[in-house]
Colleague: 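Below is one structure. I have some questions about it.
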Amino acid sequence: MTSTERIAFLKGHGTENDFVIVPDPDGRLDLSAAAVAKICDRRAGLGGDGLLHVVRSAAHPEAHAQADEAEWFMDYRNGDGSIAEMCGNGVRVFARYLLHAGLVEAGDLAIATRAGVRRVHVAKSGDVTVSMGRAALPEEGVVVTLDGRSWPARNVNMGNPHAVAFVEDLAHAGELRTVPPFSPAAVYPDGVNIEFVVDRGPQHVAMRVHERGSGETRSCGTGACAVAVATARRDGADPARTGTPVTYTVDVLGGSLSITELPDGTVEMTGPAEIVAEGTFDPTWLAAALA
């Protein structure tokens, strides 16, 4: 890009998990980790838990093979610039942006991600439902330790890794700006999202989360899915065995999500997604950030 080229951005959020959206259909922008971190900086940049780079699948080397199934690829980055396989709230906001920009119609669509193609239903207003794929439940878990307390954490993979710990009080999770200590570290060699969970009622829980690469966020879609699956197993519910879907309400700091696990193992997440602002980057600032 040149120092005079105007590049668009938008801001959006899903249950207050907020993102900078950068439309780049032809994949022309080289978004380094450092550039993404500058854009997501809440004091010196636009601010966001992460960045949604909107690229046509055919134009991105990591998504080219998915182009026949999904026209658009969610090139998701954490707030520190690191690459993530998947972001559940991000998929909803990504889909809402595609509708907002007139690139898709309301209804069913497919979005390519690093965790595979995700099927999405977008209403003209209100909630977005995402088919999040199947949860994997590796046998090896970890123990999370904070302020003299320890909890076993269930290993759940939703295309990205999660450790789900059931606690007595969400305040026991501490400040969550830094990664809560866990062991053995070898279970998650590339880091992990850690959820702390309390019961609120029948099939109703609340969570706080430390997201890998972002710190504590107001919400985590894949984390809510991991929490619902881990809670169902704790409660003795397994739709694959009973043939009956199970739905949990998962409260996050920014709202609530409805998570349903189907008998075939597919996990569906339903929740809001909003576009709140749009504009253009200052060309000189962006050129320096990308340099």
Side-chain angles (χ1 to χ4, degrees), residues 13-17 86-96 106-111 113 115-138 141 153-167 170 193-209 211 217-274:
H13 78 94
T15 49
E16 298 183 10
N17 195 189
M86 180 57 185
C87 176
N89 288 318
V91 171
R92 296 202 320 279
V93 174
F94 190 97
R96 178 63 66 194
D108 297 328
L109 67 143
I111 295 173
T113 77
V117 174
R118 294 293 183 256
R119 306 290 169 180
V120 180
H121 181 81
V122 187
K124 289 184 179 179
S125 61
D127 288 346
V128 178
T129 298
V130 182
S131 180
M132 298 288 288
R134 294 174 174 84
L137 297 167
R154 183 72 184 258
N155 191 339
V156 183
N157 194 292
M158 289 300 309
N160 59 352
H162 295 268
V164 180
F166 294 93
V167 301
L170 290 180
N193 305 284
I194 301 178
E195 288 81 26
F196 297 86
V197 185
V198 296
D199 289 295
R200 290 287 188 244
Q203 294 179 214
H204 184 183
V205 296
M207 61 174 266
R208 289 177 62 198
V209 57
E211 283 200 61
T217 58
R218 301 284 294 174
S219 179
C220 176
T222 56
C225 293
V227 163
V229 171
T231 307
R233 298 302 181 274
R234 183 205 64 177
D235 294 345
D238 184 351
R241 178 174 51 82
T242 64
T244 302
V246 61
T247 298
Y248 280 82
T249 297
V250 180
D251 294 342
V252 294
L253 294 180
S256 292
L257 295 166
S258 178
I259 312 297
T260 298
E261 187 180 9
L262 302 174
D264 68 358
T266 301
V267 180
E268 293 185 340
M269 172 187 60
T270 300
E274 297 186 54

Colleague: Of all heavy-atom pairs between A135 and M158, which one has the smallest distance, and what is that distance?
Modeller: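 Shortest heavy-atom contact: CB-SD, 3.5 Å.
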Colleague: Looking at every heavy atom in both P263 and G243, which two are closest together, and how far apart are they?
Modeller: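 Nearest pair, atom of P263 first, then G243: CG-O, 3.3 Å.
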Colleague: Of all residues at least two apart in sequence or in a different chain, which pass the side chain to side chain donor-acceptor pair (under 3.5 Å) check with D108?
Modeller: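 By the side chain to side chain donor-acceptor pair (under 3.5 Å) rule, D108 matches H121.
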Colleague: With sequence neighbours left out, what residues match R154 under side chain to side chain donor-acceptor pair (under 3.5 Å)?
Modeller: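 For R154, no residue satisfies side chain to side chain donor-acceptor pair (under 3.5 Å) once neighbours in sequence are set aside.
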Colleague: Go through the structure and list residues passing side chain to side chain donor-acceptor pair (under 3.5 Å) with N155, not counting sequence neighbours.
Modeller: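 Side chain to side chain donor-acceptor pair (under 3.5 Å) check on N155 returns Y188.
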Colleague: Not counting sequence neighbours, which residues clear side-chain contact (heavy atoms from CB on, under 4.5 Å) with A228? List them please.
Modeller: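 Counting only residues at least two positions away or on another chain, A228 forms a side-chain contact (heavy atoms from CB on, under 4.5 Å) with Y248, V250, I259.
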Colleague: Which value, rounded to the nearest 0.5 Å, describes the distance between E16 atom CD and E274 atom CD?
Modeller: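 Atom-to-atom, E16:CD and E274:CD are 9.5 Å apart.
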Colleague: Out of curiosity, D127 CG to S258 OG, how far, rounded to the nearest 0.5 Å?
Modeller: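 With rounding to 0.5 Å, CG (D127) is 8.5 Å from OG (S258).
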Colleague: On a heavy-atom basis, which atom in L257 and which in G221 lie closest, and how many Å separate them?
Modeller: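 Here L257 and G221 meet closest at CD1-CA, 4.3 Å.
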Colleague: Test of understanding: with salt bridge (charged side-chain N to carboxylate O under 4.0 Å, His left out), list the residues that count as partners of D199, not counting sequence neighbours.
Modeller: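 R234.
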Colleague: Can you measure from CD1 (I111) to CZ (R119) and round to the nearest 0.5 angstrom?
Modeller: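 Atom-to-atom, I111:CD1 and R119:CZ are 10.5 Å apart.
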Colleague: Ignoring hydrogens and angles, tell me if any N or O in the side chain of T217 forms a donor-acceptor pair with the backbone of C220 under 3.5 Å.
Modeller: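 Not at all, since once roles are kept as given, no pair shorter than 3.5 Å links the two residues.
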Colleague: For salt bridge (charged side-chain N to carboxylate O under 4.0 Å, His left out), just list the numbers for R218 and E211, CA-CA rounded to whole Å, side-chain angles, deciding distance to a tenth of an Å, and then say yes or no.
Modeller: CA-CA 10 Å; R218 301 284 294 174; E211 283 200 61; over 6 Å; no
Colleague: Does any part of the side chain of V197, heavy atoms only, come nearer than 4.5 Å to the side chain of V167, both counted from C-beta?
Modeller: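 V167 vs V197: side chains apart.
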Colleague: Could you point out which residue of V252, V156, V164 forms a side-chain contact (heavy atoms from CB on, under 4.5 Å) with E195?
Modeller: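 Of V252, V156, V164, side-chain contact (heavy atoms from CB on, under 4.5 Å) with E195 is met by V164 alone.
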Colleague: Nearest 0.5 Å please: distance from the CG atom of L253 over to the OG atom of S219.
Modeller: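 So the CG of L253 and the OG of S219 are separated by 8.5 Å.
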Colleague: Counting N and O atoms only, with roles assigned by atom type, does the side chain of N160 sit under 3.5 Å from a partner on the main chain of M86, one being a donor and the other an acceptor?
Modeller: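 Yes, the answer is positive, given that a donor and an acceptor are paired below the 3.5 Å cut-off.
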Colleague: Evaluate the side-chain contact (heavy atoms from CB on, under 4.5 Å) criterion for residues V209 and I194: first the C-alpha distance (whole Å), next the side-chain angles of each, then the deciding distance (0.1 Å), finally the verdict.
Modeller: CA-CA 6 Å; V209 57; I194 301 178; over 6 Å; no
Colleague: State, without any angle test, whether D251 and H204 hold a side-chain donor-acceptor pair at a distance under 3.5 Å.
Modeller: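 Yes - a donor-acceptor pair under 3.5 Å links their side chains.
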Colleague: Short question: side chain of N157, backbone of G159 - any donor-acceptor pair under 3.5 Å?
Modeller: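 Yes, N157 side chain to G159 backbone: donor-acceptor pair under 3.5 Å.
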Colleague: Please tabulate, for side-chain N and O atoms in residues 265-273, each donor-acceptor pair with protein atoms closer than 3.5 Å (sequence neighbours left out).
Modeller:
from: T266; atom 1: OG1; to: D264; atom 2: OD1; distance (Å): 3.0
from: T266; atom 1: OG1; to: D264; atom 2: OD2; distance (Å): 3.3
from: T270; atom 1: OG1; to: T129; atom 2: OG1; distance (Å): 2.8

Colleague: Kindly compute the distance separating OG1 (T260) from CE (M132), expressed to the nearest 0.5 Å.
Modeller: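 T260 OG1 to M132 CE: 12.5 Å, rounded to 0.5 Å.
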Colleague: Quick check: closest heavy atoms across E261 and A232, and the distance to 0.1 Å?
Modeller: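 The pair with the smallest heavy-atom distance is OE1-CB, 4.5 Å.
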Colleague: Would you check if the side chain of Q203 reaches a backbone N or O of T247 as a donor-acceptor pair within less than 3.5 Å?
Modeller: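 Present.
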Colleague: Would you say N193's side chain and P161's backbone share a donor-acceptor pair under 3.5 angstrom?
Modeller: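 Such a contact is found between N193 side chain and P161 backbone.
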Colleague: For T15 and S256, which heavy atoms make the closest approach, and how far apart are they?
Modeller: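 Smallest heavy-atom distance, with atoms named: CG2-O, 3.9 Å.
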Colleague: What's the shortest heavy-atom distance between R200 and A206, and which atoms?
Modeller: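 Heavy atoms only, the tightest pair is NE-CB, 3.6 Å.
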Colleague: Rounded to the nearest 0.5 Å, how far does NE2 of H162 lie from CG of L137?
Modeller: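 The distance works out to 12.0 Å.
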Colleague: Just by modelled atom types, is the R96 backbone N or O under 3.5 Å from a matching donor or acceptor in the R92 side chain?
Modeller: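 Not a single qualifying donor-acceptor pair exists.
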Colleague: Can you confirm whether V205 sits close enough to V227 that some side-chain heavy atom of one is under 4.5 Å from a side-chain heavy atom of the other?
Modeller: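 Yes. Closest side-chain heavy atoms under 4.5 Å.
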